[in-house]
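So you know, we letter chains A, B, ... as the sequences are listed, proteins then strands, and number each from 1.
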Amino acid sequence: MAIVEIRDFQKTYAGGFEALKGVTLDIEEGEILALLGPNGAGKTTLISALCGLVSPTGGQATIGGHDVVSDYRAARSLVGLVPQEIALDQFSKVADAVRFTRGLFGLPKNETLIESILRDLSLWDKRDARITTLSGGMKRRVLIAKALSHEPRVLFLDEPTAGVDVELRRDMWEIVAKLKQDGVTIILTTHYIEEAEAIADRVGVINHGELLLVEDKADLMARMGSKELRITLRAPVSEVPKALSKYALEVADGGETLVYSYDTQGEATGITALLADLAKAGLKLADLQTKQSSLEEIFVGLVGEGTT
Amino acid sequence: MNWQAVWAIYVFEMTRFFRTFVQSLVSPVISTSLYFVVFGTAIGSRIQEVDGVSYAAFIVPGLIMLSVMTQSLSNASFGIYFPKFMGTIYELLSAPVNFIEIVLGYVGAAASKALFIGLVILATASLFVDVQIAHPLAMLAFLILTCLSFSLFGFIIGIWAGNFEQLQLIPLLVVTPLVFLGGAFYSISMLPPIWQGISFFNPVVYLISGFRWSFYGAADVPVAVSLLAILGFTLLCMALIGLIFKTGYKIKP
């Protein structure tokens, strides 16, 4: 059974705006799911409706088998939420803020756990500092520490790396990897493709309140990913030689490079034949390079199709 | 019931109170002292006894009520408005708590602070005048119920308010006049008949009258009516809060 089951989940705001148009999705225990989508696609609304910040207007969802509306106590007990905006009581001390969240979840004090969370997030030295004195990156860590304070089984990270520097982003990915090792299911939203590419097991793409696809990241890239073979020539050519016309080559870099696109899923890539024909045509090769299309290109393709 | 959560909210709110402990206490103590100097001594010496007590002593219950009501309102409205304003309300909404627990935590803390300040003012007042308390238990009951009901009312204002101006609006525009016209500084019987009639539509009259009865045994309206009025007000606020959370008004789209 999936730890999060979402069935035809809908949210129409009072003004009539349909933020979620019937999303259905299963999230397996222990996986990292990245939800990709442009701003306003419905990523945050989906998370908010699952966590209780927004009332869904249709469909249903369960977390750990508990309905998020009718059995919200049991459902929310399993969930940690790291919001997109930095929302913290600026006058609290770091450790107090983390203890407060644990208390809200009805759990008894556990200073050992709080210490280990703060240490893992490099916040231990700042435990008695007031939040207002922390940098933006540190505040984001406090949000994560709060979300982990009640040992959630499912962690929602809403754009965890929006506006953070490269170093912190790497740290964040390490934290996520460590949580995954501990068996925590992680759902993160992002519009940084490289983030999904770097840490997700599966990728879902949302746009206009609809889930366009959910797929294993590797499968997605393999299925949709075409590869390019870039052939650098010793002597530039002005056009593709007639003998090579069947390969649909493109001339680039002022004739120094020929670009061959092929499908990795195809029965034959045609590379062997191409190389043989290149030699027959008397072209001398200086270099060969292959390039896989990134998730970003796939994503732009998908979202672009959705809008036009 | 998630009592841990109620306690967490309560402690969090009280920490805020104790962080600004001096400000929280000094201003009510100073303003009360000023009231005594002006009303009690300067003017009071020219006013004959009211209901058998000196004017300075007569205004003590009203003064306590005035502070307790405004403190309850501002504590509770600010307490819940602030998380809304800062965005930290996400944490309350996504925690396994129900609205009763949230209200208990916030309103409990706001009422505790107001009660504390009320008692401090009572202590300050007893430095100036000879304060007698005829019915101590009834006095405490009225004080606690007032703290509670006005904190509930403040909680509603805090949820309703969309900005800091609105947060101040109701206390300034509605509550302060009602308190001043509620017999804090005079007995309703001192008013012309028409104003006496109008006064009976002012809910604060019942609170102050009942509270003063617990001190001096004299009241403008029967004590039972006072008690019913404050209980009714408390229940009304509770019902409104129930409705707010049921519909998610202003906090949960």
Side-chain angles (χ1 to χ4, degrees), chain A residues 11-15 17 19 44-45 47-57 63 66 68 71-93 96-97 99-109 130-132 143 146-147 149-150 152 156 158, chain B residues 1-24 75 78-106 108-109 158-159 162 243-253:
Chain A
K11 175 62 189 178
T12 306
Y13 284 101
F17 174 65
T44 299
T45 303
I47 288 186
S48 300
L50 288 172
C51 293
L53 307 190
V54 158
S55 308
T57 48
I63 296 174
H66 309 288
V68 297
D71 195 9
Y72 65 91
R73 267 197 215 266
R76 288 182 201 164
S77 296
L78 302 172
V79 173
L81 168 64
V82 180
Q84 190 173 339
E85 306 286 336
I86 292 178
L88 288 164
D89 184 76
Q90 301 288 334
F91 304 107
S92 289
K93 289 178 182 169
D96 287 344
R99 287 186 194 111
F100 173 68
T101 309
R102 191 175 165 82
L104 271 188
F105 277 76
L107 297 172
K109 278 190 178 171
R130 298 220 183 270
I131 288 170
T132 182
L143 286 176
K146 283 165 80 75
S149 68
H150 56 277
F156 289 95
D158 197 357
Chain B
M1 278 297 276
N2 182 350
W3 289 108
Q4 284 277 351
V6 176
W7 182 243
I9 296 173
Y10 184 85
V11 168
F12 180 85
E13 284 293 296
M14 292 309 278
T15 311
R16 202 157 53 80
F17 175 61
F18 286 113
R19 209 159 45 215
T20 54
F21 188 66
V22 178
Q23 291 110 291
S24 306
N75 290 338
F78 192 78
I80 190 66
Y81 177 75
F82 204 60
K84 252 177 52 179
F85 177 70
M86 296 295 292
T88 51
I89 196 155
Y90 87 86
E91 214 178 354
L92 294 173
L93 295 176
S94 62
V97 294
N98 65 17
F99 80 90
I100 296 173
E101 290 146 4
I102 294 176
V103 171
L104 274 178
Y106 278 100
I159 296 267
L243 201 65
I244 282 172
F245 278 91
K246 200 163 184 210
T247 58
Y249 174 74
K250 293 246 187 171
I251 44 173
K252 186 170 174 176

Does B/F245 CZ have over 12 foreign heavy atoms under 6.0 Å away?
-> yes
Top contributor to chain B interface from A/S48, A/A49, A/A75, A/C51 [non-hydrogen pairs under 4.5 Å] = A/C51
Relative to chain B, which segment of A/V54 carries a heavy atom at a distance below 4.5 Å: side chain, backbone, both, or neither?
-> both
For B/E91 and A/L104 the tightest heavy-atom approach is O-CD1, 3.9 Å
Tell me, do A/S92 and B/F12 make a side-chain contact under 4.5 Å, heavy atoms counted?
-> yes
When only pairs under 4.5 Å are counted, which of A/G103, A/A14, A/P108, A/A147 shares the most heavy-atom pairs with chain B?
-> A/G103
Test item: A/L143 and B/Y90 side chains (from C-beta on) under 4.5 Å apart, heavy atoms | yes
CZ of A/F100 to CD1 of B/I9: how many Å apart, nearest 0.5 Å?
-> 5.5 Å
For A/R73 and B/V97, work out which heavy atoms get closest and say how close.
-> NH1-CA, 3.9 Å
Can you tell me how far NE2 of A/H150 sits from CD of B/Q4, rounded to the nearest 0.5 angstrom?
-> 14.0 Å
Name the region of A/Y13, side chain, backbone, both or neither, that has any atom closer than 4.5 Å to a heavy atom of chain B.
-> side chain
Value for CG (B/L92) from OG1 (A/T101), rounded to nearest 0.5 Å, stands at 10.0 Å
Taking A/D96, A/T57, A/L107 one by one, which has the highest count of heavy-atom pairs under 4.5 Å against chain B?
-> A/L107
Rounded to the nearest 0.5 Å, what separation is found between the OH atom of A/Y72 and the OG atom of B/S94?
-> 13.0 Å
Best-contacting candidate, B/T88, B/V11, B/V6, against chain A by heavy atom pairs under 4.5 angstrom = B/T88
Heavy-atom count around A/E85 CD within 6.0 Å, excluding the residue itself: above 12?
-> no
Is a donor on one side and an acceptor on the other found under 3.5 Å between the side chain of A/R76 and the backbone of B/L93?
-> yes
